Amino acid sequence: MNSSEVTDRTLVLRAQSGERAAFGELVTRYMQRSYYTALGLVGNHDDALDLSQEAFARAFRARATIDAERPFFPWLYQIIRRLCFNHTRDQRSRRHPLCQH
């Protein structure tokens with residue numbers, strides 16, 4: 001069976017059982033989509049690359065919570081979205097610190 005025939009569900013289940021290569025296949029499948037999602041949210045190449053990589057790192061640490069019966073990318077998208085929104089908020093607060101009197 002080639003990699004395109006292996007379902008996300010199978011990869012998630014294998015990753016949850018400790019197979020790092022299975023999670024690596026999910027990264028390979030979704031890194032470009034994740035990057036472009038982050039780029040659309042933050043508008044900066046370097047930040048989008050960092051944030052999409054961080055999303056996968058967080059997803060790996062939380063892999064036990066993935067529902068294998070549901071599509072993988074929408075779950076990952078929520079992680080990307082939160083990271084990007086937090087990043088944007090933090091960037092804004094660094095540029096416009098509250099005035100202290």
Side-chain angles (χ1 to χ4, degrees):
M1 187 181 308
N2 68 37
S3 64
S4 65
E5 293 173 340
V6 177
T7 64
D8 287 357
R9 178 185 181 281
T10 299
L11 292 171
V12 165
L13 292 171
R14 287 171 38 196
Q16 288 174 331
S17 69
E19 190 179 323
R20 286 178 176 258
F23 194 83
E25 177 63 27
L26 289 167
V27 172
T28 299
R29 283 185 185 185
Y30 293 108
M31 179 50 89
Q32 184 175 17
R33 187 172 176 191
S34 299
Y35 164 76
Y36 283 114
T37 298
L39 183 61
L41 293 168
V42 298
N44 175 284
H45 164 74
D46 292 332
D47 291 342
L49 191 56
D50 290 346
L51 291 163
S52 58
Q53 290 173 351
E54 176 61 22
F56 279 109
R58 290 185 185 201
F60 181 78
R61 290 191 298 268
R63 68 192 176 281
T65 66
I66 303 170
D67 181 350
E69 302 306 318
R70 301 188 69 166
F72 175 76
F73 190 78
W75 179 82
L76 180 66
Y77 174 82
Q78 293 304 316
I79 296 171
I80 297 166
R81 187 173 157 270
R82 281 191 299 272
L83 282 169
C84 290
F85 287 166
N86 289 343
H87 172 79
T88 301
R89 180 199 63 219
D90 294 347
Q91 290 293 333
R92 242 185 263 126
S93 67
R94 281 189 206 108
R95 283 193 296 261
H96 306 289
L98 296 175
C99 295
Q100 299 291 324
H101 294 287

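Model, not experiment: these values are computed from the prediction.
- Note on Ile79 and Tyr77: same hydrophobic cluster, where clusters join Ile, Leu, Val, Met, Phe, Trp and Tyr whose side-chain heavy atoms are under 4.5 Å apart, directly or indirectly.
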Listing, residues 15-22 side-chain donor-acceptor contacts under 3.5 Å, not counting sequence neighbours, or none:
from  : atom 1 : to    : atom 2 : distance (Å)
Gln16 : NE2    : Arg63 : O      : 2.8
Gln16 : NE2    : Ile66 : O      : 2.8
Ser17 : OG     : Arg14 : O      : 2.8
Glu19 : OE1    : Arg14 : NE     : 3.2
Glu19 : OE2    : Arg14 : NE     : 3.2
Glu19 : OE2    : Arg14 : NH2    : 2.7

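- Interatomic distance, CD of Gln32 versus OG of Ser52, reported as 10.5 Å (0.5 Å rounding).
- Interatomic distance, CG of Leu39 versus CG of Asp47, reported as 10.0 Å (0.5 Å rounding).
- One hydrophobic cluster, built from ILVMFWY side chains closer than 4.5 Å, holds both Trp75 and Leu11.
- In this pair, Phe72 and Phe56 present their aromatic rings parallel. The plane angle is below 30°, not in the 30 to 60° band.
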side-chain contact (heavy atoms from CB on, under 4.5 Å) assessment of Val12 paired with Leu26: CA-CA 8 Å; Val12 165; Leu26 289 167; 3.9 Å; yes
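- Cluster annotation: Tyr36 is not connected to Phe73 through the hydrophobic network of ILVMFWY side chains, with a link wherever side-chain heavy atoms come within less than 4.5 Å.
- Separating the CG atom in Leu83 from the CG atom in Leu51 is a distance of 6.0 Å, to the nearest 0.5 Å.
- Among all heavy-atom pairs drawn from Asp8 and Arg29, the shortest one is OD1-NH1, 2.6 Å.
- Between Arg82 and Glu54, none of the side-chain N atoms (NZ, or NE/NH1/NH2) sits under 4.0 Å from a carboxylate O, so this pair counts as no salt bridge.
- Heavy-atom contacts from other residues, nucleotides or ligands closer than 6.0 Å to CZ of Phe60 number more than 12.
- The two residues Ser34 and Leu76 have their closest heavy-atom pair at OG-CD2, 3.3 Å.
- Taking Arg89 as the reference, Asn86 meet the side-chain contact (heavy atoms from CB on, under 4.5 Å) condition, with sequence neighbours excluded.
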Chi angles and distances behind the side-chain contact (heavy atoms from CB on, under 4.5 Å) call for His87, Val42: CA-CA 8 Å; His87 172 79; Val42 298; 3.9 Å; yes
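- Taking each heavy atom of Tyr35 and Ala48 in turn, the nearest pair found is CE1-CB, 3.7 Å.
- For Arg9, the salt bridge (charged side-chain N to carboxylate O under 4.0 Å, His left out) partners two or more places apart in sequence, or in a different chain, are Glu69.
- Distance OG1/Thr28 to CZ/Phe23: 10.5 Å, rounded to 0.5 Å.
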